[in-house]
Amino acid sequence: MTEHLCGVVVHPGKPRSAAAVAALRRATRQRGWPEPIVLETSAGSPGAEQVADLLGRGVDRLVAIGGDGTVRDVAAALSLAGHTADRVALGVIPTGTANLWARTIGVHGSLDLAADVAVDGSARDCDLAWVTLTRADGSTQTLDVAVVAGVGMDAEAFAATRERSKEQLGWAAYFAALLRRAAGAPIAFAARLDSRPTTRVSARTVLIGNCRVLPLGLPLMPSASMTDGRLDVLVVSPRSVLGWVGVGVGVLSGRRGGWTGMRTHRARHVVLELDEPTAVHVDGDPVGEAVRLELGVSPAAVLVRGPAGAAPLDEHLHRLLADPARDLGELADALHRGRRWSSDHAREHLVRDAFLSLRGADLTRFKSLLSSGSDHRDLEHLVFDVVDDEGARQDILDHIAAEAAGIDVPDLHVLSDIDDTLRCALHDDRYPRGTVYPGVIALYRALDAGHSGDPERPGDLTFVTARPMDPAGLIEQHTRRGLRELGLPPHAVLSGTFDGLRNHDSMAGAKIENFERFRRLMPETHVVFIGDSGQGDVEVGRRMIASDPDAVRLVLIHDVVSLPDEKRAALRSEGIVIVDTPVGGAIEAYAAGLVSAAGLASVVDAAQRDVTRIAWESPEQEKATTALLERDLDSARAAYPRQS
């Protein structure tokens, strides 16, 4: 009998959590497995640290015990655990109030039954989602979404429901709060789904996610699926108080449209621009007000144990390859789900055939979709890790090179370092440690949008780091989690090796190896490299220019060691531009025709806003640093025509 070590992350404040842990222990004893390792969450540590701890101890079964918030934090942490996420599946024993995740994947019944499924159920890939909130002051925050995010009336109800009421009334406490808000004013917003035209909408509430059912089995989003790479968007807009009768009947019957006051849509990418700051919730947890929501889906983000398995993946992929009108996003989703294909040559050839079936701009977009996923299962992983067959890999790379030769207008791709480039980390004493540089997120967004101002293309930003991809993926998990919280556009991460951490030369070597691998995968793109002056990035930029001078449009180096003017001038003569702030970088990118005037203006506005939030270590530090920033802000304002 095979023994499995089970790790448990439990929310101790839920009334049924102790009984759920006992049920899990019974399930492992019945199977002759070792005693599970149980770690409790806390307000300051809601799950991610516990997951890292358990995976570090070698657990091969992971169980979350708690409500939807606990499940979200555990699932999100597991999804970022590198290769470990490909073999450790998540089981869930629901002990929360609504337990929407468990209901959606079909886990219900007694705690003993749920425990059996959690440790021994059928493993299948499930999607997660993310939402980037923009506050009224312009700040952004990116959060994981397990089941559903909502804006409007339902978020107001969640914010008004007290913990004591939930303990006493359960899910009925939410419904009581909703009923009290039925007659409120609608919210007005502009909505864009995928690349469809923007529309104006007035609604009482909007829900986005994969929440199929409510408590009592009431259908909320009947078509929603956690395995299809899509989000369902439910717009609830009754025209009167009486219209809520139609909403109620629609919920009970599962009908949508017409007299029900409910409309549903499906999309991978959703943007809502709200007319006024409006309450938002994520999986039932209030997260404050926002004026903009951007949501996307992370296909096959986590393996989940449930009562039934999924349809064979290779059959689905065969059908997609046979369909000349196939959707590129669906094809990319299918390959994201290929967790264990490297041991099956027939499936490796399916991966090859998927690439060889695409040409020109379709192939470029397909690669960008693969690279814009939320974890390590990206384009690089698929071609260089999943495909072990050297012949199949070379077929893919040869096809990519041949198709790149036919691209007339290259896209722009940003490669960036992280430490002392995105945020203050090692050598820069001008800012408090950990500060995200003022305006840098806006700079990435401006470069990602390009001079055309079209931000729709995914995957145009990649972080190239010497940080290693360890066998469990925990270091890259930490890196990705830190990046996702900053409100960045879709991006990939190219990690290094432990050997690359020896010194600055080895770190530069690790980054240039990543660059060379990137160029083999995306030879049709032009490149901007952004680094810093403290960790060998000058040499990285120099070697990038030497290896591919036609492709490298700009090398920006953030100076963190006070290079003298003569050194800066010498480097500029080589094509390496030294800047002191992200605003200075935006000025150079604007001069090179790589960002629009609106993009430069957005960096200026963001830098002015961001600098006001910095908790300076001393008045001297603030004075010296803001002087540099003000100098660049003045230059930027003079460089573009401000709209009246």
Side-chain angles (χ1 to χ4, degrees), residues 412-448 460-468 475-476 478-489 491-496 500-501 504 506-512 514-515 518 527-545 552-563 568 571 575-589 592 594-595 603 606-607 610-611 614 625 628-629 632:
L412 183 68
H413 201 109
V414 181
L415 301 178
S416 176
D417 183 42
I418 298 174
D419 295 332
D420 286 341
T421 302
L422 168 62
R423 57 185 160 206
C424 180
L426 298 173
H427 302 284
D428 193 354
D429 59 4
R430 297 172 304 167
Y431 293 87
R433 185 64 57 88
T435 301
V436 176
Y437 291 114
V440 71
I441 304 297
L443 173 59
Y444 290 131
R445 287 191 172 275
L447 286 165
D448 185 52
D460 291 339
L461 172 62
T462 297
F463 288 97
V464 182
T465 174
R467 297 177 185 178
I475 296 176
E476 183 164 318
H478 175 76
T479 300
R480 288 180 178 273
R481 184 186 303 122
L483 293 174
R484 291 183 68 200
E485 294 171 352
L486 300 179
L488 289 159
H491 56 272
V493 175
L494 293 179
S495 296
L501 298 178
H504 285 179
S506 62
M507 293 174 83
K511 291 176 183 177
I512 201 67
N514 274 333
F515 170 71
F518 168 81
V527 173
V528 171
F529 175 62
I530 307 177
D532 68 87
S533 59
Q535 299 182 67
D537 287 345
V538 169
E539 180 61 24
V540 172
R542 182 178 287 125
R543 291 166 66 179
M544 282 184 177
I545 293 171
V552 180
R553 294 288 305 278
L554 183 64
V555 173
L556 289 174
I557 298 296
H558 181 219
D559 188 13
V560 296
V561 295
S562 300
L563 293 172
R568 292 185 176 214
L571 289 172
I576 299 171
V577 180
I578 308 299
V579 297
D580 293 303
T581 70
V583 177
I587 295 171
E588 297 288 347
L594 302 178
V595 302
V603 178
D610 295 346
V611 74
I614 297 175
T625 305
L628 285 175
L629 181 60
D632 286 350

#### Entry: side-chain contact (heavy atoms from CB on, under 4.5 Å) between Val552 and Phe529, intermediate numbers included
CA-CA 8 Å; Val552 180; Phe529 175 62; 5.5 Å; no

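- Between Leu422 and the options Ile441, Asp417, Leu443, a side chain to side chain contact (heavy atoms under 4.5 Å, CB included) holds for only Ile441.
- With rounding to the nearest 0.5 Å, the separation of OG1 in Thr421 from OH in Tyr444 is 6.0 Å.
- To the nearest 0.5 angstrom, Leu415 atom CG is 5.0 Å from Phe518 atom CZ.
- Nearest heavy-atom pair, Pro582 versus Gly439, reported as atom, atom and distance to 0.1 Å: CB-C, 3.9 Å.
- When Leu594, Val527, Leu447 are each tested for a side chain to side chain contact (heavy atoms under 4.5 Å, CB included) with Leu554, only one passes: Leu594.
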### Query
side-chain contact (heavy atoms from CB on, under 4.5 Å) between Ile545 and Ile576: does it pass, once the steps are laid out?
CA-CA 9 Å; Ile545 293 171; Ile576 299 171; 4.1 Å; yes

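- In this structure, Ser533 contributes its side chain and Val560 its backbone to a donor-acceptor pair below 3.5 Å.
- A salt bridge links Arg568 with Asp580; the closest basic N to acidic carboxylate O contact falls under 4.0 Å.
- From Leu563, atom CG reaches atom CD1 of Ile578 across 5.5 Å, with rounding to the nearest 0.5 Å.
- Residue Cys424 comes nearest to Asp428 through the heavy atom pair SG-O, 3.0 Å, listed as atom of the first residue, atom of the second, then distance.
- Contact record, Arg430 with Thr625: O-OG1, 2.7 Å, taken as the closest heavy-atom pair.
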### Task
For side-chain contact (heavy atoms from CB on, under 4.5 Å), just list the numbers for Arg542 and Leu571, CA-CA rounded to whole Å, side-chain angles, deciding distance to a tenth of an Å, and then say yes or no.
CA-CA 9 Å; Arg542 182 178 287 125; Leu571 289 172; 3.5 Å; yes

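- Of the candidates Val603, Asp610, Thr581, Val583, Pro438 forms a side chain to side chain contact (heavy atoms under 4.5 Å, CB included) with just one, namely Asp610.
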### Task
Starting from the C-alpha separation in whole Å, work towards a yes-or-no answer on side-chain contact (heavy atoms from CB on, under 4.5 Å) for Asp420 and Tyr437.
CA-CA 9 Å; Asp420 286 341; Tyr437 291 114; 3.7 Å; yes

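- Distance check, rounded to the nearest 0.5 Å: CE of Met544 to CD1 of Ile512 gives 5.0 Å.
- Asp559 places a side-chain N or O within 3.5 Å of a backbone atom of Ser562 that can act as its donor or acceptor partner.
- With Asp532 contributing its side chain and His558 its backbone, the two residues share no donor-acceptor pair below 3.5 Å.
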